[in-house]
J.: 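Quick one: structure below, then a few questions.
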Amino acid sequence: MIFRRNQDRALQTVARLLTPPDRMALGSDPELARRFVASMAEAYAQGIDAAIHEAWLIAQPRPYRLADIHVPVHVFQGGVDRHVPAAMGAHIAGSIPGARLHLFPDEGHLSIVTN
């Protein structure tokens, strides 16, 4: 697996799929880049079956309604996130009573966490 054999190459390959804010976050913080690659290596250590199953689960109807959530919820969303589009964050925040959407227009999928 590329994430274990050649971490620098793995990071370069994945970075091409990321938005500029995410690439900047990984490029400016070597520890973040190391943890990201280690996390990806662990996630795919036994193959891609679990990732495929997770994608399938995400596409399935949930056994609960978002409207039935009655605890404080804050949705943090990057405006240029390619993995979770801003429309999804807005939908979730709009479907949970009292939820607050915190949209960061210039952040991506990773950079929102680090910035």
Side-chain angles (χ1 to χ4, degrees):
M1 152 169 302
I2 190 172
F3 291 107
R4 293 199 189 276
R5 287 188 310 243
N6 188 333
Q7 292 186 347
D8 290 336
R9 185 168 159 228
L11 184 58
Q12 290 172 1
T13 300
V14 171
R16 286 195 297 264
L17 304 172
L18 300 174
T19 61
D22 291 336
R23 286 194 303 269
M24 187 180 304
L26 291 171
S28 65
D29 186 341
E31 178 59 17
L32 174 64
R34 185 197 66 72
R35 289 190 330 234
F36 176 72
V37 172
S39 173
M40 296 297 284
E42 187 63 30
Y44 294 106
Q46 297 178 19
I48 65 167
D49 290 348
I52 291 170
H53 183 69
E54 180 183 21
W56 178 81
L57 286 172
I58 289 169
Q60 300 307 302
R62 288 171 181 75
Y64 57 89
R65 294 176 340 121
L66 294 175
D68 293 336
I69 297 173
H70 298 289
V71 296
V73 173
H74 293 264
V75 177
F76 293 85
Q77 179 68 51
V80 295
D81 187 335
R82 284 188 190 145
H83 297 84
V84 180
M88 180 57 73
H91 168 73
I92 290 171
S95 299
I96 298 172
R100 292 192 52 210
L101 175 63
H102 305 273
L103 178 63
F104 295 85
D106 298 326
E107 299 296 345
H109 194 73
L110 303 174
S111 66
I112 193 170
V113 176
T114 61
N115 294 334

J.: Please check if the side chain of T13 supplies one atom and the backbone of R9 the other of a donor-acceptor pair under 3.5 Å.
T.: yes
J.: Who are the side-chain contact (heavy atoms from CB on, under 4.5 Å) partners of I48, not counting sequence neighbours?
T.: Y44, I52
J.: Hey, quick one: are V71 and V75 part of the same hydrophobic cluster, counting side-chain heavy atoms closer than 4.5 Å, chains of contacts allowed?
T.: yes
J.: Would you say V84 and V73 are hydrophobically clustered, going by side-chain heavy atoms of ILVMFWY under 4.5 Å?
T.: yes
J.: Do the side chains of D81 and I112 get nearer than 4.5 Å, heavy atoms only?
T.: no
J.: Counting only heavy atoms not in H91 (residues, nucleotides, ligands), do more than 12 fall under 6.0 Å from its NE2?
T.: no
J.: Honestly curious: do I92 and Y64 fall in one hydrophobic cluster under the side-chain, below-4.5 Å linking rule?
T.: yes
J.: Among residues at least two apart in sequence or on other chains, which ones pass side chain to side chain donor-acceptor pair (under 3.5 Å) with R82?
T.: none
J.: Could you tell me which non-hydrogen atom of I69 sits nearest to which non-hydrogen atom of P97, and how far apart they are?
T.: O-CD, 3.5 Å
J.: Listed by chain and number, what are the side-chain contact (heavy atoms from CB on, under 4.5 Å) partners of V80, not counting sequence neighbours?
T.: T19, P21
J.: So which heavy atom on L110 is nearest to which on D22, and how close?
T.: N-OD1, 2.8 Å
J.: Is the shortest side-chain heavy-atom distance between L11 and M40 below 4.5 Å?
T.: no
J.: Between atom CD1 of I96 and atom NE2 of H70, what is the distance when rounded to the nearest 0.5 Å?
T.: 10.5 Å
J.: Scan residues 23-34 for pairs that pass side-chain hydrogen bond (donor to acceptor under 3.5 Å, both in side chains), counting only residues two or more places apart or in two chains.
T.: E31-R34
J.: Mind checking whether F104 and F76 have parallel, tilted or perpendicular rings, split at 30° and 60°?
T.: parallel
J.: For A33 and L26, work out which heavy atoms get closest and say how close.
T.: CB-O, 3.6 Å
J.: In chain order, what residues pass the side-chain contact (heavy atoms from CB on, under 4.5 Å) check against A86, with sequence neighbours excluded?
T.: Q77, L103
J.: Partners of R65 by side chain to side chain donor-acceptor pair (under 3.5 Å), sequence neighbours excluded?
T.: D68
